[in-house]
There are 2 protein chains.
Amino acid sequence: MAAERSSTHAHRALITLRQRILNGELPGGTRLYEVALAEALGISRTPVRAALSRLAEEALLDRNAGGGFIVRSFAVADVVDTIELRGVLEGTAARLAAERGAPPELLAETGAILRGIDTLFQIETIDMEGYSHLNSRFHDLLARMSQSEVLIREIARIIALPFASPSAFLDDQSRQTDLVKTLAAAQDQHRAVIEAITHREGSRAESLAREHARAARRNVEFLLSREATPKDGAPSLAILSA
Amino acid sequence: MAAERSSTHAHRALITLRQRILNGELPGGTRLYEVALAEALGISRTPVRAALSRLAEEALLDRNAGGGFIVRSFAVADVVDTIELRGVLEGTAARLAAERGAPPELLAETGAILRGIDTLFQIETIDMEGYSHLNSRFHDLLARMSQSEVLIREIARIIALPFASPSAFLDDQSRQTDLVKTLAAAQDQHRAVIEAITHREGSRAESLAREHARAARRNVEFLLSREATPKDGAPSLAILSA
DNA sequence: TATCCTACAGTTGTATGCATGGAGACGTCA
DNA sequence: TGACGTCTCCATGCATACAACTGTAGGATA
C-alpha cells in the first residue's frame with residue numbers, strides 16, 4: 001500500500017480513501033477533514049476535495065450540511081436492501097431484454113460465457129478468479145441486453161458498491177463443498193434467465209433474475225451467522241457498521 | 001434570472017448551470033470549460049469545479065475521460081426508460097411496504113394527503129401548485145413506507161431528474177379537460193396502491209405502483225406526438241436532444 | 001441559574017499563479 | 001500522398017494564501 005503510481009494525486013487519493021472506507025479503517029460516521037487528509041496523504045487540499053467529491057458520487061460519502069463529508073454508514077439492512085435492489089434492476093433488465101428482444105450478438109456472447117463457466121466446473125478445484133471474471137461479464141451482458149442506457153448506468157452504479165457486486169463473497173466462502181453446489185445452482189439460474197429472454201418470456205425472466213440475486217443475499221446472511229467476526233472471512237463486509 | 005442570493009458562489013453556479021442544462025440552453029454533448037464558465041459567471045475556477053462536480057453527481061454531466069465535463073444527452077428513449085425505472089423502484093417500495101408492513105403513522109399521513117387531493121377536486125379550477133405539492137408528498141411517503149434507506153435514496157436520486165418527477169408535465173398539459181380526467185385516474189391509483197399495501201398484498205401493490213408511473217410515460221408520448229415543438233408546451237422536455 | 005453575547009479557533013470557500021500533459025496543427029520525410 | 005514526429009497552445013491539475021463562516025466555550029448580565 002505504498003505510493004501507488006497512477007496519473008494524478010486526486011486519483012491516488014481517491015483509490016486510497018476508497019480502500020480505507022471499504023476495509024473499515026474509516027468507519028461510517030467519520031467526518032473527513034480536508035486539511036487532515038491532505039497532510040496525511042502529503043498533498044494539498046485541492047486534490048483531496050476532488051477525491052472526496054468523487055467518493056460522494058460513488059455514494060460512499062455523504063455531504064454534511066454546512067460543508068464537509070461524512071463516511072456513509074452501512075448496516076446489515078443496507079447491504080441486504082442493496083442486493084435486493086440489484087435483483088430488482090437486473091430483473092428489469094431481463095424483462096426489457098425479453099420484451100424488446102435481445103440483440104443476437106449479445107445472446108451469442110452470453111452463450112460463450114456460460115460454456116466457459118461449464119468448462120471451469122470440469123476441473124477439480126475451481127479457478128475462482130476465472131469464475132468471478134466470467135460471472136461479471138455475464139451480468140454486464142445481461143444489463144446491456146435491456147438496451148436501456150439508463151438501466152445499464154444504474155446497474156453499474158449499484159454494482160460499484162463492493163458488497164452488491166454479483167461476484168461479491170466469492171473469495172470469502174469458507175466451506176468449499178457448499179461453494180461448488182452454490183455455483184452450480186447459480187449457473188442453472190443463468191441458463192434459465194437466458195432461456196426466458198430468448199423465448200420472450202418477460203415476467204419469467206424478471207422473476208428468475210431477481211431470485212438469482214437472492215443467492216448473494218443468502219450468502220451475506222450465512223457469513224454473518226457464523227461465530228467469527230465478519231471482517232475475518234469476508235473482506236466485502238468489513239465496511240459494515242458495528 | 002439575475003444574480004441569485006444564496007450562500008456561496010459554488011451554490012449559485014450550481015443552480016445557474018443546472019437551470020441552463022435543463023432548459024436546453026446548454027444542449028447535450030456540450031463540453032464545459034472551467035475558465036469560460038468562470039468568466040461567464042464572474043467567479044474563479046474553484047467554485048465552478050465544485051458546481052460541475054455536483055452536477056456530475058446529479059447525473060446531468062458526464063466526466064470526460066482525460067478531464068473535463070460534458071453535458072449528458074437525453075434522448076426520448078432515456079426519458080421513457082427513466083420513468084419506467086421510477087415505476088420499477090416505486091413498485092419495489094410498495095411491495096416492501098406491503099411485505100414488511102407500513103408504519104401506521106405513515107399510512108395515516110398518506111390518508112390525509114389523499115383526502116387533501118380529493119378536496120382540491122371539488123373546486124372548478126384545480127390548484128395545480130397545490131396538487132403538485134401533495135402528489136410529491138404522496139410519492140415521498142410511498143418511498144419511506146418501504147423502510148429501506150437504500151431504496152429511499154435511489155428513488156430520490158431518480159426523481160431529481162426533472163422529467164422523471166411524479167409531478168413532471170403537470171404544468172404543461174395543454175388540454176385542461178383531459179387533465180382533470182387524468183388526475184382523477186391517478187388518484188384512484190394512489191388509493192389502490194395504499195389499499196394493497198394495507199392488505200399486505202405485495203405483488204399487487206408493486207404492479208399498481210408500476211402502472212401508475214406509466215401515466216407519466218403516456219404524458220411524454222402525448223406531448224411529443226403534438227405538432228408543436230416540445231419546448232413550447234413542455235418545459236420539462238426542453239432538455240431533450242435534437 | 002439561565003440566557004445571551006462575544007471572541008476565538010478551526011474548517012471550508014475562493015482566488016490565483018504555476019505546473020503538467022494531451023490534442024491538434026504543421027511540417028518533414030519516405 | 002500518406003504517415004510520422006515535433007512543437008505549441010490550451011485546459012485541467014495542483015499548491016498556497018487569504019477570506020468568510022460556523023459552532024463553541026467562556027464570561028457577563030439579568
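We name chains A, B, ... by the order of the sequence lines, and we start the count at 1 in each one. All values derive from a computational prediction rather than experimental measurement.
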So how far off straight is the helix from dT1(C)-dA30(D) to dA30(C)-dT1(D), going by the axes through five pairs at either end, to 10°?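 The two end axes of the helix from dT1(C)-dA30(D) to dA30(C)-dT1(D) meet at 20°.
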Check the surroundings of atom CD in Glu221(A): do more than 12 heavy atoms from other residues, nucleotides or ligands lie under 6.0 Å from it?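 Atom CD in Glu221(A) is packed in, count exceeds 12.
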Verify, without hydrogens or angle tests, whether Ser146(B) (side chain) and Leu142(B) (backbone) share a donor-acceptor contact under 3.5 angstrom.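 Answer holds: no.
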How close or far is atom P of dT12(C) from atom CZ of Phe69(A), stated in whole angstroms?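 Answer to the nearest Å: 9 Å.
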Rounded to the nearest Å, what distance is computed from the CD atom of residue Glu34(A) to the P atom of nucleotide dT16(D)?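 In whole Å, dT16(D) P lies 15 Å from Glu34(A) CD.
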Phosphate-side-chain proximity, [X] and [N], N/O vs OP1/OP2 below 4.0 Å:
{"X": "His9(A)", "N": "dA15(D)", "value": "yes"}
{"X": "Arg12(B)", "N": "dT14(C)", "value": "no"}
{"X": "His11(B)", "N": "dG13(C)", "value": "no"}

Quick check: on DNA chain D, is the nucleotide nearest Gly66(A) upstream (toward 5') of the one nearest Tyr33(B), or the reverse? Name the residue that is more 5'.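 On the 5' side of the pair lies Tyr33(B).
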Side chain of Val35(B) only, please: which of dT12(C), dT12(D), dG13(C) is the nearest?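 Out of dT12(C), dT12(D), dG13(C), the nucleotide with an atom closest to Val35(B)'s side chain is dT12(D).
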In terms of relative ring orientation, are His190(B) and His139(B) parallel, tilted or perpendicular, with 30° and 60° separating the classes?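 His190(B) vs His139(B) ring planes: perpendicular.
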Going from CD1 on Ile239(A) to CZ on Arg20(A), what distance comes out if it is rounded to the nearest 0.5 angstrom?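 Answer rounded to 0.5 Å: 15.0 Å.
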Gap separating the CZ atom of Arg95(A) from the CD atom of Glu84(B), nearest 0.5 angstrom: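 Answer for the CZ-CD pair, Arg95(A) versus Glu84(B), is 4.5 Å.
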Got a sec, which residues hit side chain to side chain contact (heavy atoms under 4.5 Å, CB included) with Ile70(A), two or more places apart in sequence or on another chain?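 Only Arg31(A), Asn64(A) meet the side chain to side chain contact (heavy atoms under 4.5 Å, CB included) criterion with Ile70(A).
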Do Phe163(B) and Phe74(B) have their ring centres less than 6.0 Å from each other?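 Close enough - the centres of the two rings lie under 6.0 Å apart.
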Residues within residues 37-65 of chain B bordering DNA chain D, heavy-atom distance below 4.0 Å: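 Heavy-atom contacts with DNA chain D come from Arg45(B), Arg49(B).
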Is Arg157(A) salt-bridged to Glu58(A), cutoff N-O under 4.0 Å?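 The answer is no: the pair does not qualify as a salt bridge.
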